[in-house]
Amino acid sequence: MGIKAVVAGASGGIGQPLSLLLKTSSLISELALYDVVNTPGVAADLSHISSPAKISGYLPKDDGAKTAFKDADIIVIPAGIPRKPGMTRDDLFNINAGIVKGLIETIAEVAPKAYILIISNPVNSTVPIAAEVLKAKGVFDPKRLFGVTTLDVVRAETFVAEIVGESNPQSLTIPVIGGHSGETIVPLFSQAKPAVSIPEDKYADLVKRVQFGGDEVVKAKDGAGSATLSMAYAGFRFAEKVLRGLKGEEGIIEPSFVYLPGVAGGDVIAKETGCDFFSVPIQLGTSGAEKALNPLTGLDENEKTLLKACVEGLKGNITKGVNFAHNPPQK
Ligand SMILES: NC(=O)c1ccc[n+]([C@@H]2O[C@H](COP(=O)([O-])OP(=O)(O)OC[C@H]3O[C@@H](n4cnc5c(N)ncnc54)[C@H](O)[C@@H]3O)[C@@H](O)[C@H]2O)c1
Ligand SMILES: O=C(O)C[C@H](O)C(=O)O
């Protein structure tokens with residue numbers, strides 16, 4: 001079976017390197033690039049790469065979004081504005097909520113079976129918006145909608161490896177749960193595999209660095225945006241895992257921000273946290289998010305405190321997204 005992948009926001013800081021990585025993937029046979037600017041150029045450039053994926057670029061004119069998304073198997077969405085120093089992810093809501101809503105409406109119409117991976121911030125709210133739009137159109141399958149939180153996992157692997165002296169950070173598996181912003185990000189070092197021992201005097205700073213790693217990059221870029229290259233890597237890593245699961249590979253697990261009541265095993269986590277949307281380790285398979293693995297048993301005392309703060313912040317972000325989908329501001 002050939003796989004058609006789409007990047008929406010393909011000309012941006014994340015979109016371009018993400019499209020490059022997807023173009024090189026042997027799992028993809030067709031790659032459509034959609035953006036409001038510059039996709040013909042990005043597509044022409046990537047089309048010279050001698051990998052199998054057939055590439056095309058679309059702009060809004062001539063129903064470009066519909067043609068780009070039509071019958072896609074997987075759609076990755078990094079469309080929207082990024083942060084500048086001093087901004088929170090929630091400050092992006094007013095612009096990005098409408099962008100994501102519009103893209104999802106088109107997807108619901110022309111690619112209702114697509115696996116949708118949302119990168120656009122604030123993820124804690126844009127994923128609930130997407131779910132509500134898909135529900136309203138009668139095409140919501142919770143196993144096919146993912147908020148991409150992989151960058152938090154990638155950061156946790158990197159920063160923990162630095163502390164414990166592991167030369168290959170990728171050999172570590174560290175669940176990061178909750179949401180994708182500040183205190184809603186909860187790294188679970190106690191569940192690292194192989195086990196790691198974080199010195200007590202380093203724990204608080206390590207947690208903060210994972211939670212606020214995005215700010216580190218925003219500050220360093222000094223007004224030129226937020227993480228793009230590490231995000232492209234993380235988005236590609238997650239997309240490849242989804243595709244490998246679809247192809248029947250077993251044992252693929254990666255955290256993602258999903259609608260818990262719609263994923264096997266998710267109900268109990270939703271009840272315990274009071275949050276319907278939450279990032280937990282997800283077992284990926286031939287139908288997408290096959291199982292939510294419960295990370296809440298065996299949390300240590302520090303992690304229980306982090307979880308409490310996470311839930312307090314996350315609930316408001318989710319409600320804001322759901323309300324926006326039902327009552328978008330009039331233009
Ligand atoms: N989930 C995460 O971990 C994570 C990590 C980094 C960045 N982000 C978020 O990803 C988003 C993109 O970041 P970036 O650095 O690539 O920004 P960018 O400004 O460089 O690129 C965004 C692209 O989206 C395009 N776009 C805008 N409206 C569109 C629409 N309606 N349809 C299609 N494309 C549209 C723009 O033209 C632009 O090319 C931001 O919201 C950022 O906060 C998320
Ligand atoms: O920090 C940001 O605004 C971008 C992204 O969410 C990140 O974690 O790097």
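Here the structure is a predicted model, which means the values were calculated and not measured. Atoms within each ligand, like the ligands themselves, are counted from 1 in listed order.
The residue among T228, N121, T126 with a heavy atom at the shortest distance from atom 42 (C) of ligand 1 is N121. Here the shortest heavy-atom distance to atom 20 (O) of ligand 1, taken over A10, G13, A224, S120, belongs to G13. Comparing I81, L33, L92, N38 against atom 41 (O) of ligand 1, the shortest heavy-atom distance belongs to I81.
No more than 12 heavy atoms of other residues, nucleotides or ligands lie within 6.0 Å of NZ in K84, so this atom counts as exposed by the packing criterion.
Polar contact with ligand 1: present for V148 (N/O pair, distance under 3.5 Å). In terms of N/O distances under 3.5 Å, ligand 2 is not approached by D152. Residue A79 has no N or O atom closer than 3.5 Å to an N or O atom of ligand 1. Residue D215 places no N or O, backbone or side chain, under 3.5 Å from any N or O of ligand 2. Between G80 and ligand 1, at least one N/O pair is under 3.5 Å apart.
In this structure, F324 and F93 have perpendicular ring planes: the angle between them is above 60°, well past the 30° mark.
If you check which protein heavy atom lies closest to atom 6 (O) of ligand 2, you get H180 NE2, 2.6 Å. Of the protein's heavy atoms, R83 NH2, 2.6 Å lies nearest to atom 1 (O) of ligand 2. Ranking protein heavy atoms by distance to atom 9 (O) of ligand 2, first place goes to R155 NH2, 2.7 Å.
Close to ligand 2: L151, with a non-hydrogen atom less than 4.0 angstrom away.
The proximity of R89 to ligand 1, defined as any non-hydrogen pair under 4.0 Å, does not occur for either the backbone or the side chain.
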